[in-house]
J.: 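One structure, as structure tokens, below. Some questions next.
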Amino acid sequence: MPVRARSSLVLLLPLAVLLSDPAGAAVSGPRHTKAAAADPALEARIARLLASMTLEQKVGQMTQAEIGSITPEELTRHRVGSVLNGGGSSPGGRKHAGAADWRALAQRLDAAALAVEDPVKIPLLWGTDAVHGHNNVFGATLYPHHIGLGATRDAALVEAIGAATARAVRATGIAWTFAPTLAVAQDPRWGRTYESFSDDPQLVATLGAAMVRGLQRGLGQGGGVVATAKHFLGDGGTQGGRDQGVTLATRAELLARHLPPYRAALAAGVQTVMASFSGWHERDRGVDHGKLHGNAALLTGLLKQGLGFDGFVVSDWNGIGQLPGCTPARCAAAINAGIDMVMVPVLWREFIANTLAQVRAGEIPLARIDDAVARILRVKLRAGLFEHAPARDAGAGNDAALVDRTLARRAVRESLVLLKHDRTVLPLARGARVLVVGRAADRLELQTGGWSLGWQGRGNRNDEFPAGQTVLGALRAALGDAQVTHSETGEGVDVAGHDAVVAVVGEAPYAEGEGDLAPPATLRHADRHPEDLAVLQRVAGHGRPVVTVLFSGRPLEVNELLDLSDAFVAAWLPGTEGGGVADLLLRAADGSVAHDFRGRLPFAWPRSACPSARGHGAPLFARGHGLRVAQRTRLGRVAATPHAGCAAPARSPLSFLTAR
Ligand code: BGC
Ligand code: BGC
């Protein structure tokens, strides 16, 4: 049995051990400057506020409720300091609420926070998952998910998207987003792979820091929103790509693979960090450190003391309830380990009562509460919430601020990766008669994926994205309706009567948990979507070039689809701007190549449907692969892999940890 490390013992580990990186050198480089030294006036203000606060007020500041589970009156009465809207939650549960509706609720809740009778009145901080644009809000532009931005390798673009997202979020009266995700995803079977920029820690660090800079630009001066580096630490390293699973790594591996993005985000000034649902099992020493929410060594020792992080750590959705002896509404261990604000969406009343009792009983030291609240106040002050909260901004509530179609279209263009180009096919001539097939050609739901107008991103109709365009729509707009034939299945159409076929296929939307591919599930796309293979079989072999565009949240085994295509484009989850896809598929009106492909794979692309003992086998395309239209591949036929399903990994001493 692995030993469960006691957090009190872990706290006593010498800091040097915690901070040593694989090279053995101490963690150095850009640190958060110690708050007190950086801004004595701010620290004095925090101290004054704290000195006048009651314990009830302090615990209220540490509490984050879900907007569907709290009224403004309750927020005042219980002195709750933060709310969130979970995926798919909106003001009054109205999916089509506009910016003004969101802002009106933000205003009511913020006013409720300021309506307390205590001498100290503290503005509310509302957090939302604006993870690819302000994706919970009807009418907002949705940008490519992180994986697509990883393919662009363009930090300036990512920063611009951060700034545009911040503008959209502020327009709804909200000042905090739970983004960027800094996961360094190691296994494409993880259903959150698309939230990861890359499996290269340095690329995640570069783009993550750029996103933080964009989101927080102007923070405290009437612009920007508070960013979140999530999920700390090792969320992308779990065994078998299991969501909320266990990362099996030596200390050196954990730090080398998963820490660089946090250092970069801290250097960029990120104000909050979200703890990971995952656990860490220290491979070489056989020590089970349990879930990150209870890991004092990493949350307090490494992040706060070692790296000098002076913002606050928020727990994930009911995440504290996963610690031994805890429930979602009661967990001294998480707070003592370094969680400052608790995301307790529904059971916030119980959480407040329990935490007050635990402080009074001495289970949570008052000094820990004061530290947590000081951190929360620091972030609220730095964000300018006392002076110019977006909820109180007269200019907020404008739907136009949710939209930036030009920026999104550019991002889509930069994110597409041309994987195969065996014949001179692309770009298609403007005069071409094009047959458009495939389930995804006219479905914004498949183009946007998870975390889009909902948690899992399912059940969204095209007309629910008023600022969106499908690939079919974009091709029609560019070529004219008369030149475009659309048939989703490709059944019964005269392929030879066209100059080229564009097939748009892809994964069904998914998010956390539901997107995991646990054995016997394979990475083979056609196992889940045989209709995508079938449509290509119908349109290939008629003497007309077939260009396939794949929407997916991860690299997949698509060997047979590749074999049936002359050109193959990995388009990730591009969001609402299908025009960016059409820009690359078509020549300009004058026949020139107006926009070339420039995306490069942020992850290696698998050849095999099942991971082997040594990982996912030799890739079909290495990370960094990506063609320009002038380039040809001689890929020829790619052998199909067996379809029998993947075997579950051999039982290891750890399998009790990963058994579902
Ligand atoms: C996810 C987080 C997200 C939070 C709030 C959790 O389940 O892991 O990434 O920010 O929910 O929606
Ligand atoms: C919420 C998400 C949250 C998830 C956590 C869902 O009901 O909408 O925001 O991340 O639960 O399990």
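In listed order, ligands and their atoms are each counted from 1. For the single chain, residues carry numbers from 1 onward in sequence order.
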J.: Decide whether the shortest distance between a heavy atom of W455 and an atom of ligand 1 is less than 4.0 Å.
T.: no
J.: I'd like to check which ligand 1 atoms, numbered from 1 as shown, lie under 4.0 Å from a non-hydrogen atom of D316.
T.: 1 (C), 2 (C), 3 (C), 4 (C), 6 (C), 7 (O), 8 (O), 11 (O)
J.: We want to know whether H134 and T128 form a side-chain donor-acceptor pair, criterion being a heavy-atom distance below 3.5 angstrom.
T.: no
J.: Report yes if the distance between the aromatic ring centroids of F197 and H146 is under 6.0 Å, otherwise no.
T.: yes
J.: Can the ring centres of W176 and F312 be said to be less than 6.0 Å apart?
T.: yes
J.: In terms of atom number and element, which parts of ligand 1 are under 4.0 angstrom from non-hydrogen atoms of L84?
T.: 5 (C)
J.: Could I get the full list of ring-ring contact (aromatic ring centres under 6.0 Å, His included) partners for F465, not counting sequence neighbours?
T.: none
J.: Please identify which atoms of ligand 1 are closer than 4.0 Å to at least one heavy atom of R192.
T.: 1 (C), 2 (C), 8 (O), 9 (O)
J.: Using a 4.0 Å cut-off to any heavy atom of K230, which atoms of ligand 1 qualify?
T.: 2 (C), 3 (C), 9 (O), 10 (O)
J.: Would you check the N or O atoms of W317, main chain and side chain alike, for any that come under 3.5 Å of an N or O of ligand 1?
T.: no
J.: Any side-chain donor-acceptor pair under 3.5 Å between S415 and T152?
T.: no
J.: List the steps, then state whether side-chain contact (heavy atoms from CB on, under 4.5 Å) holds for W451 with Q456.
T.: CA-CA 6 Å; W451 295 108; Q456 298 288 330; over 6 Å; no
J.: Can you find a non-hydrogen atom of H231 under 4.0 Å from ligand 1?
T.: yes
J.: Would you mind listing which atoms of ligand 1 come within a distance below 4.0 Å of any non-hydrogen atom of D129?
T.: 3 (C), 5 (C), 10 (O), 12 (O)
J.: Throw together a table of side-chain donor-acceptor distances under 3.5 angstrom for residues 319-329, partners on residues two or more places apart or in other chains.
T.:
from: Q322; atom 1: OE1; to: K291; atom 2: NZ; distance (Å): 3.0
from: Q322; atom 1: NE2; to: Q244; atom 2: OE1; distance (Å): 3.1
from: T327; atom 1: OG1; to: A329; atom 2: N; distance (Å): 3.1
from: T327; atom 1: OG1; to: R330; atom 2: N; distance (Å): 3.2

J.: Can you sort out which atoms of ligand 1 are near F178, meaning under 4.0 Å from one of its heavy atoms?
T.: 10 (O)
J.: N/O to N/O below 3.5 Å, does that happen between E512 and ligand 1?
T.: yes
